Colleague: 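I have a structure I would like to understand better, so I am pasting it below and will then ask my questions one at a time.
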Amino acid sequence: MTTDYQGRKRDEADEADEENVPLSQVSKRRKLKNEDVKDESESDDESLASIFKKKSKEKLKKVKLEEKDEDATADGKETVKKVTKTSKKVKKEKKTVKDESEQDQNDEEEENGEYKWWENENEDDSIKWTTLKHNGVVIPPPYEPLPSHIKLYYDGKPVDLPPEAEEVAGFYGAMLETDHAKNPVFQKNFFQDFLEVLKTAGGTKNGITIEKFEKCDFTKMFDYFELLKEEKKKLTSQEKKQIRLDREKAEEKYKFCELDGRKEQVGNFKVEPPGLFRGRGAHPKTGKLKRRVQPEDIILNLDKDAPIPEAPEGHHWGEIRNDNSVQWLAMWRENIFNSVKYVRLAANSSLKGQSDYKKFEKARQLKDHIDAIRKDYKKQLKSEVMLERQKAVAIYLIDVFALRAGGEKSEDEADTVGCCSLRYEHVTLKPPNTVVFDFLGKDSIRFYQEVEVDKKVFKNLKIFKRPPKQPGHQLFDRLDPSTLNKHLQNYMPGLSAKVFRTYNASKTMQDQLDLIPNEGSVAEKLLRYNAANRTVAILCNHQRTVTKGHAQSVQKANDKIKELEWQKIRLKKALLQLEPERLKKNPAYFEEIEDMTKEDEAEIHRRIIEREIEKYHKKFARENDKRKFEKEELLPESQLKEWLDGVDELKKQYKEELKTGVVELKPTMNTVEKIEKQIERLDNRIQTNSIQLKDKEENSQVSLGTSKINYIDPRLTVVFCKKYDVPIEKIFTKTLREKFKWAIESVDENWRF
DNA sequence: GATTCTACTTAGCAGACACGAA
DNA sequence: TTCGTGTCTGCTAAGTAGAATC
């Protein structure tokens, strides 16, 4: 019976099975246990709840009810609506006017041009702003039809498409050479939507009926888009700069908004242009048409006294809202999932900064509870109630392997899972206690790990997999993120599964940074910082696709280092030629001369010669291209020959050197001092290149950015830089320095996570 | 209590950009 | 100045979480 393992009966059966106890006894015992657990959690709840209530009271003391609830003025075109939903009403009741002292401080900061929100406590975030003014959003330009000779071909014949359909065909044509366009699901979804658009637009204009995708030829369109790209590349830097300046000028007014009287940056002020949906992994809807968003689809959110931005000519906004309980400036609904897209503030804004700060503080708060939580889940691994065991195992997996919560997903999304949605086939058990996790997580990134787990966890997983369960069945059949999070709230207000990821990431980073000795060059310290960062990224399973030319570029970097070493050895040989007695004085210094074999040396010679030949061929071609363009006399072939003869000379010299071991340096390299200085320079270059190569190899599949941006408390990095004398610019880019300004300006070197 | 909706964070990809070597 | 390469940023997909609704 399937319900056997989903219903209450199964708990008892499991228990009886596991511990050889008669069912009736188990029932009684569990009842007793349940009551015990209930008592405990209730008392916990009460104490935590009272603390939380007290805190909330303090937080809300500033809140002042807004009495006015006027309708915003409708200006003819705009449909201005009141926020009518109950939730919004409740939120509206909390609308505040910030207290005067805070306002004064804002005024002062405004004069300095800076608002340091982290210098004053503001724990209440139910009200996001008092005033909000902005200029709306940037709507993508209307479609411009292709030149008349660029067409889709069907069964070898050019097709006259109406512009609406041509635009959709063009979306596909532009990405003809991408992996997406080669995906059959993508093709099917695209083609279906394309035919529908074509039908609505009245069909082709030259009587051709399009029925089969296979008969469509998009290459002319593809070539045209490639040509446009090429032309864009060919523009002079001055022209490119001008285009950029024009664009920036046009976007300037949308880039900033006025939030509580302060100028703050808006994030994604551009409405997403139409295109084909690029779902990740095996997404059933990939390739579907993302339709053009019209101003009528867009809801703007501003304060009720703010001027309403003008809608594009002939259009009007869908709605104007005045909801100060949310951060968004504009929103619309997309057509593929009917989900909402928002225009929000930029990462460097005060609101985002405060959310970020709170996130890390919450994770830090977990420090005070983690021991109790761990103790509890270890205990509950033996619970007699199946749900409790599932909770315990889930928290264990989330805590130890940094799994995500794993919410339920619908049929029309990619089949990816997290902890609560793990299925039978995602976990393989190898006695005595090894578990192989193999599943696709967020963004269809594979999570593959073969690990040893706690013996009780192993035993429980075995129970969770017991027949009649089979592939396709949920491992945690009684658990979902909501139940799990409710349980976690008992330990700490606001605790949810995702806080564990932040906590463990930052804790790991702190521990790793503590291991770094404060010595060596900045490059070495950076390498160690990156290694610590990489530990966190691996913990969080942050991956990236290896770039196309990676293997080749590693080879090249290795060759480069080998060549530098050869140069150094050559200089050392020359040194001995000038002063042979140095060998006796300092034999260790010259030891490495013996490390390079004749074969290695010959290989390096070959590479250098090859490169030189190529260089002169290129130089000759480039020079003549230029002369041709300027209508000057071309260089004669003899010039190329002359250059290549020089290379030939070098080749002979190397050959001789290899034979005799006698080095012939440039005439300028004629003193011991000069040679020694050059050796030192080479040593530095070799060291730098080696460090960079090591970093490059180790980072090829791991994405460090995601954990740096979202999981590692930025204050850890700030402290590291201060303590180890590493410029913060080496770790945080300009954008990150702006995002983490609160961290950079608020900690000293004694701060700990 | 289950489901849906809303609002937010987290994530990898790809094109733009910057920078060093030749 | 050009070219190649690596880094940065913008974009938007894909999650989480909690409130609202059924």
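Sequence lines set the chain letters: A, B, ... in the order given, protein chains first and strands last, and positions in each chain run from 1. Source: prediction; values computed, not measured. Heavy-atom basis, side chains included; hydrogens, waters and symmetry copies ignored.
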Colleague: A:Lys341 NZ to B:dA7 C1': how many Å, rounded?
Modeller: 14 Å

Colleague: Describe the nucleic acid contact of A:Lys498 in one word from base, sugar-phosphate, nothing, applying a heavy-atom distance below 4.0 Å.
Modeller: sugar-phosphate

Colleague: What's the closest nucleotide to the A:Tyr711 side chain, out of C:dT16, B:dA11, B:dT9?
Modeller: B:dA11

Colleague: Can you confirm whether the side chains of A:Ser421 and A:Gln474 place a donor and an acceptor under 3.5 Å from each other?
Modeller: no

Colleague: Return the CG to CH2 distance between A:Leu132 and A:Trp328, rounded to the nearest 0.5 Å.
Modeller: 10.0 Å

Colleague: Under 4.0 angstrom, heavy atoms only, what part of the nucleic acid is A:Ser482 near: base, sugar-phosphate, or nothing?
Modeller: nothing

Colleague: Quick one: label A:Gly406 by what it contacts on the DNA or RNA (base, sugar-phosphate, nothing), any heavy atom closer than 4.0 Å.
Modeller: sugar-phosphate

Colleague: Any side-chain N or O of A:Lys270 less than 4.0 Å from the OP1 or OP2 oxygen of C:dC11?
Modeller: yes

Colleague: Under the criterion salt bridge (Lys or Arg N to Asp or Glu O under 4.0 Å), which of A:Lys358, A:Lys359, A:Arg364 is the partner of A:Glu361?
Modeller: A:Arg364

Colleague: Return whichever of A:Phe269 or A:Arg404 has its heavy-atom-nearest nucleotide of DNA chain C closer to the 5' end.
Modeller: A:Phe269

Colleague: Quick check on DNA chain B: between A:Arg344 and A:Gln543, whose nearest nucleotide comes earlier from the 5' end?
Modeller: A:Arg344

Colleague: At less than 4.0 Å, is any side-chain N or O atom of A:Arg501 found next to OP1 or OP2 of B:dA11? Yes or no.
Modeller: yes

Colleague: Check every strand shown and say whether A:Lys409 touches a base, only sugar-phosphate, or nothing at a heavy-atom separation below 4.0 Å.
Modeller: sugar-phosphate

Colleague: Please determine, for the side chain of A:His542, which listed nucleotide (B:dA11, C:dC8, C:dA13) has the closest atom?
Modeller: B:dA11

Colleague: Quick one: label A:Ile709 by what it contacts on the DNA or RNA (base, sugar-phosphate, nothing), any heavy atom closer than 4.0 Å.
Modeller: nothing

Colleague: Once you apply a heavy-atom cut-off of 4.0 Å, does A:Gly279 come out as touching a base, just sugar-phosphate, or nothing?
Modeller: sugar-phosphate

Colleague: Going by side-chain hydrogen bond (donor to acceptor under 3.5 Å, both in side chains), name the residues that satisfy it together with A:Asp297, two or more places apart in sequence or in a different chain.
Modeller: A:Arg291

Colleague: Name the residue closer to the 5' end of DNA chain C, choosing between A:Leu736 and A:Ser444 according to the nucleotide with the nearest heavy atom.
Modeller: A:Leu736

